[in-house]
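Below: one structure, written as structure tokens.
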Amino acid sequence: MQCLSSVSYSILVNAAPTPPIPAKKGLRQGDPISPYLFAIGMEYLSRCLGSVAGDKQFKYHPRCKKLNITHMMFADDLLMFARADMPSVTALFGAFTKFSLASGLLANFHKSEVYTAGVSDSLSDQIAEQIGIPKGSFPFKYFGVPLTTRKLKFADCKPLIEKIVARVRSWSAKFYVLESDFCNAKESNEGNPKDM
């Protein structure tokens with residue numbers, strides 16, 4: 001394996017990046033420190049997106065204001081929430097751009113989508129065009145859970161519930177087999193733990 005050789009670092013001093021510093025050593029894929037570096041980077045992203053709440057231009061998504069939610073992350077997935085108006089979306093996307101410029105990490109806009117509800121199609125189109133991300137439509141699935149603008153019904157979640165029930169049943173079947181094997185071994189060895 002060969003270390004990364006194209007890595008360089010810049011340090012922000014008074015909000016201006018220094019000239020790139022070439023890396024002498026790098027990380028290999030699968031390096032044990034990689035998850036920690038990723039977590040540090042995501043912490044900075046979370047702080048950038050959280051700081052948007054102090055911007056007077058920014059308004060929360062109506063369902064997120066009570067809990068002060070601007071974003072949610074899971075591993076390398078990111079959901080950002082804002083009121084569907086140009087100043088709010090621009091402020092939130094500006095914070096994401098700040099993170100991208102500082103870290104060098106970019107979003108894949110081909111895998112990204114903007115979802116709006118309760119606004120005109122013209123405003124929705126304008127928002128998507130302003131940030132350069134294509135529009136998506138409801139409902140869509142996120143980790144198998146259907147997301148929609150209305151309250152979820154049992155029928156919406158039924159496929160997910162069936163998958164979970166099937167998985168739990170397979171676990172209980174495995175546990176039962178292991179338990180019966182243990183009991184059979186115990187009976188055949190007359191209960192002597194050393195012989196099992």
Side-chain angles (χ1 to χ4, degrees), residues 6-21 34-153 155-157 160:
S6 61
V7 175
S8 64
Y9 302 97
S10 288
I11 301 169
L12 292 178
V13 178
N14 296 329
T18 62
I21 303 165
S34 294
Y36 299 111
L37 294 176
F38 182 78
I40 290 169
M42 293 304 100
E43 176 63 25
Y44 177 64
L45 172 60
S46 188
R47 289 179 186 212
C48 286
L49 294 174
S51 70
V52 173
D55 188 342
K56 293 179 182 177
Q57 299 281 327
F58 179 79
K59 291 184 177 51
Y60 286 100
H61 181 280
R63 302 272 181 173
C64 300
K65 185 174 185 174
K66 192 183 287 185
L67 298 173
N68 297 330
I69 296 174
T70 57
H71 65 285
M72 291 172 42
M73 294 188 294
F74 182 78
D76 62 348
D77 282 345
L78 172 66
L79 296 172
M80 297 189 292
F81 305 99
R83 184 177 175 163
D85 60 34
M86 289 307 294
S88 298
V89 172
T90 303
L92 192 63
F93 201 71
F96 182 78
T97 304
K98 175 185 171 185
F99 165 78
S100 293
L101 292 173
S103 67
L105 298 175
L106 302 172
N108 184 346
F109 293 141
H110 298 293
K111 292 183 177 180
S112 303
E113 292 181 327
V114 174
Y115 297 93
T116 58
V119 296
S120 66
D121 286 338
S122 62
L123 178 59
S124 182
D125 293 338
Q126 185 183 2
I127 289 171
E129 187 178 319
Q130 171 76 23
I131 60 175
I133 297 176
K135 280 178 29 176
S137 60
F138 288 103
F140 68 97
K141 286 190 176 184
Y142 184 70
F143 288 112
V145 178
L147 298 180
T148 183
T149 57
R150 59 178 172 71
K151 187 175 181 179
L152 290 176
K153 297 178 182 171
D156 296 326
C157 298
L160 179 64

Exercise for the section: Please identify each residue that fulfils salt bridge (Lys or Arg N to Asp or Glu O under 4.0 Å) with R150, with sequence neighbours left out. Expected result: D156

Exercise for the section: Tell me, please, which residues at least two apart from S120 pass side chain to side chain donor-acceptor pair (under 3.5 Å). Expected result: S122

Problem - salt bridge (Lys or Arg N to Asp or Glu O under 4.0 Å) pairs, two or more places apart, involving residues 130-148 - result: D125-K135

Completion exercise
For residues 96-112, the salt bridge (Lys or Arg N to Asp or Glu O under 4.0 Å) pairs (sequence neighbours left out) are none

For residues 13-20, dump all side-chain donor-acceptor pairs below 3.5 Å to protein atoms at least two apart in sequence or in another chain.
residue : atom : partner : partner atom : Å
T18     : OG1  : I11     : N            : 3.1
T18     : OG1  : I11     : O            : 3.4

Exercise for the section: Name all pairs fulfilling the side chain to side chain donor-acceptor pair (under 3.5 Å) condition that reach into residues 99-109, sequence neighbours left out, sorted by first residue then second. Expected result: none

Exercise for the section: Would you mind listing every salt bridge (Lys or Arg N to Asp or Glu O under 4.0 Å) that reaches into residues 69-87, with sequence neighbours excluded? Expected result: R83-D85

Handout entry: K65: salt bridge (Lys or Arg N to Asp or Glu O under 4.0 Å) partners, not counting sequence neighbours
Key = none

Exercise for the section: Quick one: list whatever passes side chain to side chain contact (heavy atoms under 4.5 Å, CB included) with Q126, sequence neighbours left out. Expected result: M86, L123

Handout entry: Y60: partners by side chain to side chain donor-acceptor pair (under 3.5 Å), with sequence neighbours left out
Key = none

Practice task
Sequence neighbours left out, what passes ring-ring contact (aromatic ring centres under 6.0 Å, His included) with Y36? Give chain and number order.
Solution key: none

Problem - side chain to side chain donor-acceptor pair (under 3.5 Å) contacts in which one or both residues fall within residues 47-58, not counting sequence neighbours - result: E43-R47

